[in-house]
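Quick note: residue numbers are just sequence positions, from 1.
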Amino acid sequence: MKKILLFAMIAVSVTVMTCCTAEDPFEEYNNDYNGWQNNASMSGGNSATTGELATFDIALDTERAEGTENAKEYFPDEEDALENNEFTTEVAIDMSNPTAKTENGVEVTVDGGHVTANHGSTKKVCYVVSGTSGNGSFTVLGDKKYAVKLNGVSINNPDSAALNLLSGKRAYILLSEGTQNTLADGTGGNQKGALYCKGKLLFNGSGQLSVTGNTNNGIHSADYIVFNKGNNVYVKSTANHGIKANDGVFINGGILNVEVSAAAAKGINSESHIIVNGGRTTVLNTGNGTYDSDEREAKGAAGIKADSTFTINGGELWLKSTGSGGKGINVDMEANFNGGNVYVVTTGGQYKSNNDTSSPKGIKTDGNITVSDGRIWVRTSGYNGEGIETKGTLNITGGETASYAYDDAINSKGDMTISGGYVYAHGQHNDGLDANGNCYIKGGTVYAICSGSPEVAIDANSEQQKKLYATGGTIVAVGGLESGASLTQSCYQTQSWSSNTWYALTVGNSIFAFQTPSSGGSGIVVSGASQPTLQSGASVNGGTSYFGGLAIANGTVCSGSNVTLSSYTGGSNMGGGPGGRH
């Protein structure tokens, strides 16, 4: 499928007509690579939809310029910014014809194609590296921070790292404008990365860099890594992670493309924080799940894995995992979505081994999730794939969040609170919104769809005396609300609905138009700040498109048939026959 460009919020003026039924993209369940299969039908039925959210794909893109709408750059230390440094002592390293020398306080030694430079206590050193070596490496030692300017160099080392930065001080990688640079290792060593850095690794410049890791990671820093505006970096690993950092990964800008294929490998892996402030980062992950015998658990691959927190303030993330148990974003602590655009696709099914499982997830955190701005689009199509899941609480105050998932679309183990923004949650075989604690809808616009009874569009854990509290906002729920809901804001229902049809909900002077799915739960529940009206077969002009064309806010209704609404007090038994549609 052709990749669509979704990096800006789209304002459109359109006349919306009834759409045709699309082919169900989730027709077959996915199996893991061990052949484990579970084709049992889920009791809640099946619900599907159309539009860009159901069809958008993700591919590497090295040519399109990075976006300009970035957040403020972040450096753990102001010394990390290149502009706060100068490297005026240049030492040329020609990998095509390396020469041993002592120059400007730097000692260069050569062993075949392998070059080692030691600048000791010499300051402001910049190594300018060029040429080609099919069996060589460049190693840096020294007690002071330094720069390595990659000026059209190609290094392949069959036995160890191609670029081996063993100084524990800051390493500034300068990618010379207009140059292409290549680093690759083989399978003969035990190196941690084709590009390994013992200290802080700071990328600058607008040249291109390609790194291939065949033994372990592509790029590995024992400290932290910073990418900056203008960088154009491609990383591939067939053995482990694409980019690995012990103390953090910080993306201020640039074009970053990562491919990994090993079992349970991560495109970007940090044992600490990950912060994205700009640029365009794309990760393709094809690795299946695997069983970790040391930790005695099944593990899946991921586009991004943070052992601490994850934050995006700007820029774009495009993440695709196709293997069993694969995830888009996997975070051990909190995740904060404050801006930027995130697009996630997972297609693999659940991985099972030794009576343990790893289920696919679009976004999964062990800590809380907070969404205050930006756009999040998630699609999961493999067996048991949830869209967005937090083991903590979920709090949405703004932005656009859309999840179209095989299982629950948006799930929280703790409380879920929505007080702003636009939220779309469509569970193909389960609930739309599912809170295992209380679910609070206080504001914003929520469009939720479930698969059918006994599932509901918006669920709270009533079995544990939790509730759905609807006190504000605009709500459209295809499949109803959980029984026992506390509906401070009045809700209304229509017991039947037409599939693939545009409806227009009017609340006061506000209009929210939405396209129904091809199938789903019984009845539609709607709610707003005042008693709403609903029209079926609506045509709408103007407004702003959301959820890949499935909804339009603040347009003008041109035509449509009035739908009779009756009072709704909660529960999923809404009548209307199988599927609640006609």
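With respect to Lys364 and Glu389, no salt bridge is recorded, no charged nitrogen being found less than 4.0 Å from a carboxylate O.
Side chain of Arg379 to main chain of Leu53: a donor-acceptor pair is present (N/O by atom type, distance under 3.5 Å, no hydrogens or angles). Using modelled atom types, no side-chain atom of Ser321 and backbone atom of Gly323 make a donor-acceptor pair closer than 3.5 Å. No donor-acceptor pair closer than 3.5 Å links the side chain of Thr357 to the backbone N or O of Ser353. Under a 3.5 Å cut-off, the side chain of Ser403 and the backbone N or O of Ala409 do form a donor-acceptor pair. Judged by distance alone, the side chain of His241 and the main-chain N or O of Lys266 form a donor-acceptor pair under 3.5 Å. Between the side chain of Thr346 and the backbone N or O of Lys327 there is no donor-acceptor pair closer than 3.5 Å. In this structure, the side chain of Ser47 engages the main chain of Ser519 through a donor-acceptor pair within 3.5 Å. For the pair Thr380 (side chain) and Gly385 (backbone), a donor-acceptor distance under 3.5 Å is present. Proximity of a side-chain donor or acceptor of Asn252 to a complementary backbone N or O of Tyr74 within less than 3.5 Å is detected. Judged by distance alone, with hydrogens and angles left aside, the side-chain atoms of Thr286 form no donor-acceptor pair with the main-chain N or O of Thr322 at under 3.5 Å.
Residues Tyr503 and Thr516 form a side-chain contact, since some pair of their non-hydrogen atoms from C-beta on lies under 4.5 Å apart. Residues Leu481 and Tyr568 form a side-chain contact, since some pair of their non-hydrogen atoms from C-beta on lies under 4.5 Å apart. Taking 4.5 Å as the limit, every side-chain heavy atom of Asn240 sits out of range of all side-chain heavy atoms of Asn269. In this structure, Ile441 and Leu468 have side chains that are in contact, with non-hydrogen atoms separated by less than 4.5 Å. Put simply, the side chain of Ile329 does not reach to within 4.5 Å of the side chain of Ile274, judged on heavy atoms. In this structure, Tyr383 and Tyr406 have side chains that are in contact, with non-hydrogen atoms separated by less than 4.5 Å. You'll find the side chain of Val378 reaches within 4.5 Å of the side chain of Ile363, heavy atoms only. Inter-residue side-chain proximity for Thr401 and Phe337 is flagged as unmet; no heavy-atom pair is nearer than 4.5 Å.
In terms of heavy-atom proximity, Tyr447 sits nearest to Pro517 at OH-CD, 3.9 Å. Among all heavy-atom pairs drawn from Thr282 and Ala59, the shortest one is CG2-O, 3.6 Å. When all heavy atoms of Gln489 and Ser527 are compared, the pair lying nearest together is NE2-OG, 2.9 Å. Of all non-hydrogen atoms in Thr501 and Ser536, the two that sit nearest each other are CG2-OG, 3.9 Å. Taking every heavy atom of both residues into account, Asp57 and Lys320 meet most closely at OD1-NZ, 2.8 Å. Residue Pro360 comes nearest to Gly382 through the heavy atom pair CG-O, 4.4 Å, listed as atom of the first residue, atom of the second, then distance.
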Q: Evaluate the criterion side chain to side chain contact (heavy atoms under 4.5 Å, CB included) for residue pair Ile475 and Val525; output intermediate values, then yes/no.
A: CA-CA 8 Å; Ile475 301 172; Val525 174; 5.7 Å; no

Q.
Quick one, Thr49 with Ile449, criterion side chain to side chain contact (heavy atoms under 4.5 Å, CB included). Give me CA distance, side-chain angles, the key distance, then yes/no.
A. CA-CA 10 Å; Thr49 194; Ile449 302 167; 5.7 Å; no

Q | Worked check of side chain to side chain contact (heavy atoms under 4.5 Å, CB included) between Asp459 and Asp408 | A | CA-CA 10 Å; Asp459 193 18; Asp408 289 332; over 6 Å; no

Q. Going through the checks in order, is the side chain to side chain donor-acceptor pair (under 3.5 Å) test met by Ser372 and Asn338?
A. CA-CA 5 Å; Ser372 61; Asn338 302 323; 3.1 Å; yes

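Partner of Tyr424 under the ring-ring contact (aromatic ring centres under 6.0 Å, His included) criterion, chosen from Trp377, Phe547, Phe514, Tyr404: Phe547. When the options Asn336, Asn70, Asp373, Asn277 are evaluated for a side chain to side chain donor-acceptor pair (under 3.5 Å) with Asn313, the one that passes is Asn277.
Using modelled atom types and a 3.5 Å distance limit, the side chains of Ser324 and Asn288 yield a donor-acceptor pair. Side-chain atoms of Asn430 and Ser451 include no donor-acceptor pair closer than 3.5 Å.
For the atom pair Ser358 OG and Asn384 CG, the distance stands at 10.5 Å (nearest 0.5 Å). One finds the CG atom of Asp431 at 9.5 Å from the CD atom of Glu386 (value rounded to the nearest 0.5 Å).
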Please report, to 0.1 Å, the donor-acceptor pairs under 3.5 Å made by any side chain of residues 299-310, with sequence neighbours excluded.
residue	atom	partner	partner atom	Å
Lys299	NZ	Asp292	OD2	3.1
Lys299	NZ	Glu295	OE1	3.1
Lys299	NZ	Glu295	OE2	3.4
Lys305	NZ	Asp307	OD1	2.6
Lys305	NZ	Asp332	OD1	3.1
Lys305	NZ	Asp332	OD2	3.2
Ser308	OG	His273	ND1	3.0
Thr309	OG1	His273	ND1	2.7

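In this structure Asn368 satisfies the side chain to side chain donor-acceptor pair (under 3.5 Å) test together with Thr393, sequence neighbours excluded. Residues forming a side chain to side chain donor-acceptor pair (under 3.5 Å) with Tyr224 (at least two apart in sequence, or on another chain): Asp80.
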